[in-house]
Amino acid sequence: MVLIRPRFTEFNDVFIPQAELDFAIPFLDEDIPLYVDPFLLWRSPGLHDKGLHQVILGAFNNLGALSKSGSHEQAVQQLILASECDEVGLGTSATKKGTRIGQAKAEEVLSLFERIPYYRDHGFRHFEEVQLFVDGIGKDRISDIACNFIKSFLIDYTAQECHALGVELKRAVVPNVYNPSSLTFEDVETEVPVHPETGLPVLLVPKRWLRHVPWINYDTYFRDFCPQDDIAHEGEELTRVKVQTYNRDNYGIVDVYVQARERSFEDCRNDPLFSQIPVLSARRKLAAIKKLPTGKDDGADIAYEKLIGQLLPSLLYPQLDFAQEQARTDSGVSIRDLIFYNSRTHPFLQELMKDYGSRQITFEMKNVKAIESKHVDQLNRYLKDNLGNFGVFVTRNPLKKARFSSTVDLWSGQRKAIVTLTDADVEQMVEVFDSKQRDPLDVVVKKYAEFRRACP
């Protein structure tokens, strides 16, 4: 069995929660659903970030200069190279392998330097504005282009972070590294971390640069600034392409929008990789859980799993980073688990790794009146390899004496520990979450201590 949704840090034996790291932890098998927003570098109080924004902007505007000076094909090829950056693992790809834009799309982007007088005379202030003129250029392209133009910095940043964490670096070729001196892309052989299976370079990105949607984007422009009635007559469909075509001949409206976004720069913040739910929301979810009947009638089991799945990741954060909710099947029975990464930042979590080999921790949700022997058997069969020999039932009521005895027997015979969180325990976790005096994880620690006291 392999890790569920493996991450770069766990593979390299780094057990630090995401909240304590400067960079976004990459997944090994899929992308992070966030994107570099160049506006965050522009609005940064740090001179280094501002300088990197100038590098990005200078590189992009140089494409326009190349195109106009007779090196149009060179500009096209550079833009195509810049349009995908697999090494950073940002976006929505399930394979960590993206595709570049084609020749026609690159030509369309470069035409803006001729079509729009402001760009012809001054260049772009924020190259994200391309989204407002060219269909098919979205947040993923903006992010990848930005990363490719500052890839040299990302190589140095990655090496710095890896040295601090003790992560091994290997000699590898990083393709398409932009050189601001020669204004060209070059393949660079250097020391970087590599993917354990593909051997391809992995680059880390500061999480302060990441957003779900760029600050300058088509949707906010369309909603708040676009003169929709001027573009489409009543009854006509107002398509994205129609709006973008209109914008090319009416740059003044785009300029007003961009200036408004610049004035409101203080509202532009990076998006966290995980956000805890508010205390009020936690209390509402707890109240909804307590009202649910046990069993499957009227979808009570699904509602229970959904509520617990929304609640526990926030209650256990940041000691435990949430990996994912997963469905598995055992003897024809569908089972839903919550899987967490074991950060080992708490003595209890260190103990779980040392005594039970738990690199990840499984919480199995059961909306039943009473845990039965088959449930214990199912979780017992699942506890092995990287998931280790520690598991948690999240259910409505305490285990009956016979079932509790069977969990004690599992510890005695196989050194497997199964503890149970009931409605009362979840309520206590919410109370602790509200008071902020202690960590909700302490409730799990207490339940484990009670279990161990009952073991021989």
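All values derive from a computational prediction rather than experimental measurement.
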Note to self: Angle between ring planes, Trp42 versus Phe265, binned at 30° and 60°: parallel, tilted or perpendicular?
What the structure shows: perpendicular
Margin query: Salt bridge or not between Arg141 and Glu84? Use side-chain N to carboxylate O under 4.0 Å.
Written below: yes
Note to self: Here's a test for you: under side-chain hydrogen bond (donor to acceptor under 3.5 Å, both in side chains), which of Thr422, Asp423, Thr294 qualifies with Arg396?
What the structure shows: Asp423
Notebook entry, point to check: Should the ring pair Phe222 and Tyr218 be called parallel, tilted or perpendicular, given that the plane angle runs from 0 to 90° and is split at 30 and 60?
Noted result: parallel
Checklist line | Geometric cation-pi criterion, Arg261 with Phe39: 6.0 Å, 45° | finding: no
Item checked: Nearest-0.5 Å distance, OG of residue Ser281 to NZ of residue Lys285 -> 4.0 Å
Notebook entry, point to check: Do Gln18 and Asp321 meet the criterion of a side-chain donor-acceptor pair at a distance under 3.5 Å?
Noted result: no
Note to self: Is the positively charged end of Lys436 above the ring of Phe433, judged by distance under 6.0 angstrom from the centroid and angle within 45° of the axis?
What the structure shows: yes
Checklist line | Electrostatic pair Lys354:Glu351 at N-O distance under 4.0 angstrom | finding: no
Next item on the list: Determine whether the aromatic ring centres of Phe340 and Phe363 lie less than 6.0 Å apart.
Entry: yes
Check: Are Asn380 and Lys416 close enough that a side-chain donor and a side-chain acceptor fall under 3.5 Å?
Finding: yes
Check: Can you list the residues that meet the side-chain contact (heavy atoms from CB on, under 4.5 Å) rule with Asp297, with sequence neighbours excluded?
Finding: none
Margin query: Tell me if the aromatic rings of Tyr317 and Phe274 count as close, with their centers under 6.0 Å from one another.
Written below: yes
Item checked: Geometric class of the Phe153/His48 ring pair [parallel <30°, tilted 30-60°, perpendicular >60°] -> tilted
Next item on the list: Can you measure from CD1 (Ile80) to CD1 (Ile101) and round to the nearest 0.5 angstrom?
Entry: 6.0 Å
Note to self: Please report whether the ring centroid of Trp209 lies less than 6.0 Å from that of Tyr157.
What the structure shows: no
Notebook entry, point to check: Does a salt bridge link Asp22 with Arg208, judged by any charged N lying under 4.0 Å from a carboxylate O?
Noted result: yes
Notebook entry, point to check: Using 30° and 60° as the class limits, which term best fits the ring planes of Phe185 and Tyr178: parallel, tilted or perpendicular?
Noted result: perpendicular
Notebook entry, point to check: For the side chain of Asn342 and the backbone of Leu349, is there at least one donor-acceptor N/O pair under 3.5 Å apart?
Noted result: yes
